[in-house]
Structures are given as C-alpha cells and as structure tokens.
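Have a look at the structure below, then the notes.
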Protein chains: 2
Amino acid sequence: MVTIKQVSERAGVSSATVSRVINNTDTVKEKTRKLVLNAMAELGYRHNTIAASLASNKTNTIGLVVPELHGSFFGAMMSGSEQVLRKANKHMFVVAGHSDDAMERQEIDALLSRRCDALILHVEAISNEYLIKLASQNVPLVVVNRYIEEISEQCTSLDNVRGGYMATRHLLDLGHTHIAYAAGALFKADGVHRLQGHKQALHDAGIEADDQLIEEGDFQAHSGEACIDRLLDRQQQFTAIACGNDEMATGAINALRRRGLRVPEDVSVIGYDNIDYASYLTPKLTTIDYPVREIGEMAARWILNQAYGDARQSLTHILTPELIVRGTTRAI
Amino acid sequence: MVTIKQVSERAGVSSATVSRVINNTDTVKEKTRKLVLNAMAELGYRHNTIAASLASNKTNTIGLVVPELHGSFFGAMMSGSEQVLRKANKHMFVVAGHSDDAMERQEIDALLSRRCDALILHVEAISNEYLIKLASQNVPLVVVNRYIEEISEQCTSLDNVRGGYMATRHLLDLGHTHIAYAAGALFKADGVHRLQGHKQALHDAGIEADDQLIEEGDFQAHSGEACIDRLLDRQQQFTAIACGNDEMATGAINALRRRGLRVPEDVSVIGYDNIDYASYLTPKLTTIDYPVREIGEMAARWILNQAYGDARQSLTHILTPELIVRGTTRAI
DNA sequence: TTGAAAGCGCTAACAA
DNA sequence: TTGTTAGCGCTTTCAA
C-alpha cells in the first residue's frame, strides 16, 4: 500500500505537506502542491481514511439505523438522507435494526465503535431511556419518527393520532358510519397512535367505537388480507375500512375483491403513508401522506448542522399529515 | 474516551490482555477475563474499531454500491446481502452510485479508502475496463447484475435476453401476434438485452419486429404511461405489450385504463422483475421473476468466502429467469 | 510556507 | 498465560 510517507519522499517534501495537500488545509505553494499531486498520481496513492480518522478523531461518516433496508417507506427515507449528506461530502453507514431491542443496540454500538460523527435513528424497540442516555453523551443524534419528551429537540415525528383522525374523518365526511379498522402492529407506537386517532374521530362524530370492527395486523400486506378475512368471517357489517398503512390497505383491497366486494363501490378503503406505489394501484389509493423523504432530508440537514456546524438548520419536530384523496374511497 | 490502556490499568493487567479479551483470541485465564470485563463495564469502555482496523488492517466491513437506495429492486438486494453478512458478524457500508460514471467511481474510492475488506458492486455506468482493473487489485469483489467476460468468475447476472424472450414467448403462446414493447432505458444493458430477447422471440415465431410497436422508457412507472400514450396516439394496433420492468408495466396498465382499454380483456400486459408489489396490483401482474434477494444473499456469501475464507460457497454466474403467470395476460 | 515529531487507540509479534 | 513494544498511516501542534 502506498503511504503518505512514500509520496512525500517521491515529492521531496515532508509528510505533513502531503497531508496538507490532501486535506486542503493551510496554504501550500502551488508549485509544491503540483509536486505532491504528481507524486501521488505516479505512485497510485489512495488516502487511508481509517488512519486519518484515528488521527483526527473524525470520520465524516453518519450512521443511519432503519428497521429494514427494504420497503418503500425506509427506501424513501434513506434516499432523502443520502442525497443531503452526499452533497455535503459526508458518508452514510446504513444498518438495519430489525425492530428488535438487542439488535438495535448492537447496531448502534457498531456505529459508535466505528466512530460515526453522528447518528440518525429510526428505531422501534429500544427504550426511551436508552435514547435519552445516548443523547446525553457526546454523539449528535436525531431520532426519527418518534417523539420523546425529554429530548424533543432532537426528535422529528409525524402526528399519527391526527393522521389516524383525518383518515377516519374523511370516511365519515363521505357518509360512512360503519367503519372498520385494520390496525398496524399495536406494539409499535405508530400502530397505537393511528388507531387512537381513528377512535377519536368516531367519538367526535358521536359514533361509539365497536371493538368487533377492529382487527390487528403487522403493517404487512398479507396481514391486511387477514384482517378482512376475519371481519368477513365474523359477518361484520361495514362500508368502509381505514388501514394502518398502505401495504395493509393493499392487502385489504385484494381480500375484499377475492370475497366478491368491490372497492370503492361496496367498501371504501383508506391507507396511510402514501408510499410510492399507492398511486399505481387501481383504483389509486386514497391515503394519508407521510413525507418520509423530506424527513430523511431534514434529519440529515440537522445532523450536518450539529456535527459539522453547517449553516443553521432547524428540525420540524412534529409534522402534520395530509389527506390524499384518490380513488378507493367514495360517498355512501 | 475510555481506552484499552485505562481498562488495563484498572484491571491490573497489560493492554495486550485487554485486547485478547475483546477479540477472544488466545486463551485468557477465566479470572483475568472477569477482571477485564469488570473494568470495562465500570469504565464504560467502548471498542474503537477505527484503531483496531488500522492496526489489524481489517475492517470487517463490506462495501455495497447500488444505483439507488430506494426502489423495490435494490431494497430486496440490499436486504438479502445484509442478512447474510449480519449473521457472519460483518458490517455493510451501502452507498448509491446513481448510475453515473463519476459518482460510481467516487463511491468506490470512498469505500476503498475506508478500507472495506470487500466490495459488492451493482454499478451501471462504470466501464468494464475499470472493473477489470479493480478486480486485478487486492480487494475481493463481486459484480452483480452484469456479465464481464474477463472476470466472469466474479460476476453474477440474470440472462436478460432469455427473460425478454420468455415474456414475449408467453404472449405468443397465448395467441397474440400484435405485440408492442415498452423498453427500459436503452443505454443500460438490461434494457437492451430484454428488448433483444423480445425481438428474438418474435423472429422465432416468424413475426417481423415492427419498430413502430417499440417505445423506449426509463424503467420508471410514468415512462410506461408515456409509452402507451405514444403508441395509442399513433393509432398502433396491438393486443399485448411486454414491458422493460414491473414499474413500467404498472404505468402502462394505468395509461391503458385511462384511455378506455381493459387489462387483460383488451390488452395483455407483462412486466419484468417480479418486484414486491407486482402481486398487489389488480389484476396481479404477470411477470418474469428476477430473484434479486437471492442474488444479494449469494453475492454476500461469496464475498464472505473470498474475503474471510468462510466455508466454500460458489457463485451462480448466470441465473435463469422464470415466468410468473398471473392475471394481466390472457389468451386472445 | 514547510518540516519534525508526538501521538491517535489498537494489534500482534516476541519474550517471558 | 501474560507483558513489552513496535508499529498501523495519518494529523497536528510547534518551531523554523
């Protein structure tokens, strides 16, 4: 491996000067710089970031934890962050936490021991306490899709209760009164909050929430199917269903059709998240928009500010969801 | 920051012993190990991977380049690789090359200067020569979704000509003779090969390929829509259309419906890739399966073998696509 | 504008 | 089984 030392000898300068050329620090005389650049090219020098990081105590790398590396939701978020960080010449280390406490901790540890300059965390299993403690240490960090009172300044999340409310409110506005709900995983905050919003909307409309009309899934498409099957098997009557997310809505639509019901003629369906393919479905899916990509971008910008002192950039701590009316809902 | 030295002093041993405990190398007396572990816990020691990497010249990290961090296709691949590497206690550094020559090179450089032990490359713009040269250097690397004669042993790809052939063959088998084609980006090998297969199938069936029935898109959904619009605006007659990938097929279906044509009653549509949501569409999309996740896993296993000498693991160099018949195609 | 030299925190011979 | 010690390749004072 070619080292700075070899380059310096070839160029007839000190290794400190070579380092200066590489990092563009201090002023190096144009002539010396040329000399060094030539030597580097001739020798095929490649900078050793590991050694540089050790010496400078900076890695120029941001760690990102997401639940999974696949899926429209996380894809959009990663992509948003990556774009912002790349422009700032920072690198990103993406790992998957798999919504498991031990795994999430382990991945955060790995990121920290790799001395990431900052962390963007989309974790679901780790406790608030752990995150609060982590935040009190020296690593800048932002928590995405989660609101923690004690470190609210470093959190950014969507008002899911409100989103859940809006979804059901939309169905109510269309005249539906028998509204089923296919909840996301209820051990996740998102699932709980969205359902909570649903119930609130019903309540405000003077309708009593009927537990028989609520089924729990796990945010995956097939669980949406299963929810419909269970509801229908129980002969529940409903003209509309709100779902924990778009995937579940997709599954629900398929199950409804399989069982001979038309969407939206017989049953209106509303999703949540507005993932990429929501508008590819037929009819296009009515849903609640979750600006994931923007959140990914925002988190990255904020991190840039905190870790590297870039131009001020604020974090919108609680974003407001938006209703996107398309083709899967209609007036009764 | 707590260092090995501080831990060693606290435990009353040498730093070498602490290192041994951390890395589980050599045998350390159980009692000393306990002593060290306690000291580490008390001091809140966190291993510095950067320093370890510099000293050992290994990072236990694999670099992965994909065109984009979002999208079902890359998501599945990343996820497949991640799963395999995590089990082997290796880490993954994912970066996006954005199908741009300069960016791809730059990202590979970044990965190399971070001293990744190995690379998995899904690059689209970089030249074969560059990859061949890279492969001749000391970093183990596997090229995904691309076949390069000179380094075929390190490549894994799908036979896209064959897949394109199969798709159109399927339509022909159903009795279609007026078959349109919505090609993917033709500056990408995948786009060209799939189209080539299509033409071959027509030729073998004694049908002359009509350039008027071929439109080029860019693998995105909206380009599928545009292709249909252009074909229909030109009053082209066709009862079936094969598409460059599933996204384009999705767009095509939407455009056909918008213009009053039913799928598959009036026009049969076949996609390519079999991405996640292909089976969520209505009707479910007939397509060609591209086992992306498996490819991601396989690449990771092979890398594990090459870079760390894990149990032998071979790479399937050219995979065979598979036809998945669902609801968007029917006999004429 | 440049050079000398002391680390950064860890690993890995080699010795004991 | 454990300790000593010489680096790994780079950055960064401090001095010139």
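Note on naming: letters A, B, ... go to the chains in the order of the sequence lines (proteins, then strands), and numbering restarts at 1 for each one.
- Atom CG of A:N57 and atom C1' of D:dG9 are 16 Å apart (whole Å).
- Nucleotide D:dG9 holds its C1' atom 13 Å from the CD atom of A:E9, rounded to whole Å.
- Among the protein residues, A:A52 comes within range of the sugar-phosphate backbone only, with heavy atoms under 4.0 Å from sugar or phosphate atoms but none that close to a base.
- B:D109 has no carboxylate O lying under 4.0 Å from a charged side-chain N of B:R105, or vice versa, which leaves the two without a salt bridge.
- Ring-centre distance between B:H317 and B:Y147: not below the 6.0 Å cut-off.
- Between A:N48 atom CG and C:dC8 atom P the separation is 18 Å, expressed in whole Å.
- For A:S8 (side chain) and A:V18 (main-chain N/O), no donor-acceptor pair under 3.5 Å exists by modelled atom type.
- Toward the 5' end of DNA chain D, the nearer of the two residues B:A55 and B:T27, judged by each one's closest nucleotide, is B:T27.
- Remark: A:S14 is in phosphate contact with C:dG3, judged by side-chain N or O atoms under 4.0 Å from OP1 or OP2.
- Along DNA chain D, the nucleotide nearest A:I4 and the nucleotide nearest B:V13 are compared for position; the residue whose nucleotide lies closer to the 5' end is B:V13.
- Listed nucleotides D:dG3, C:dG3, D:dC10 differ in distance to A:H47; the shortest reach to its side chain belongs to D:dC10.
- At a threshold of 4.0 angstrom between heavy atoms, the contacts of B:V18 with the nucleic acid are absent.
- B:S19 has no side-chain polar atom (N or O) that falls below the 4.0 Å cut-off from OP1 or OP2 of C:dC10.
- In this entry the distance linking NZ of B:K58 with C1' of C:dA12 reads 12 Å, nearest Å.
- With hydrogens and angles ignored, the 3.5 Å screen pairs no side-chain donor or acceptor of A:T316 with any backbone N or O of A:L319.
- Taking atom CD1 of B:I50 as the reference point, atom C1' of C:dG7 lies 17 Å away to the nearest angstrom.
- With distances taken from any side-chain atom of A:R20 to the nucleotides D:dG3, C:dC10, C:dA4, the minimum falls on C:dA4.
- In this model, the phosphate group of C:dG3 is approached by a side-chain N or O of A:T17 to a distance below 4.0 Å at OP1 or OP2.
- Rounded to an integer number of Å, the gap from A:Q6 CD to D:dC10 C1' is 14 Å.
- The nucleotide whose nearest atom lies closest to any side-chain atom of A:K29 is, among C:dC8, D:dT12, C:dT1, C:dT1.
- Side chains of B:R10 and B:N38: a donor-acceptor N/O pair is absent below 3.5 angstrom, by distance only.
- An end-to-end axis angle of 30° holds for the helix from C:dT1-D:dA16 to C:dA16-D:dT1, taken from five base pairs per end and rounded to 10°.
- With rounding to whole Å, B:L54 atom CG is found 12 Å from C:dG9 atom P.
- D:dG9 atom P lies 17 Å from atom CG of A:N23, rounded to whole Å.
- The backbone N or O of A:S15 lies less than 3.5 Å from no partner atom in the side chain of A:T17, so there is not a single donor-acceptor pair.
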Working for salt bridge (charged side-chain N to carboxylate O under 4.0 Å, His left out), residues B:D117 and B:K58:
CA-CA 6 Å; B:D117 294 333; B:K58 279 200 325 178; over 6 Å; no

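- No more than 12 heavy atoms of other residues, nucleotides or ligands sit less than 6.0 Å from atom CG of A:N57.
- OP1 or OP2 of D:dT2 lies within a sub-4.0 Å distance of a side-chain N or O belonging to B:T32.
- Residue-to-nucleotide contacts include no donor-acceptor pair under 3.5 Å from the side chain of B:R115 to the base of D:dG9.
- When distances run from any side-chain atom of A:A51 to the nucleotides D:dT2, D:dT12, D:dC10, the shortest one goes to D:dC10.
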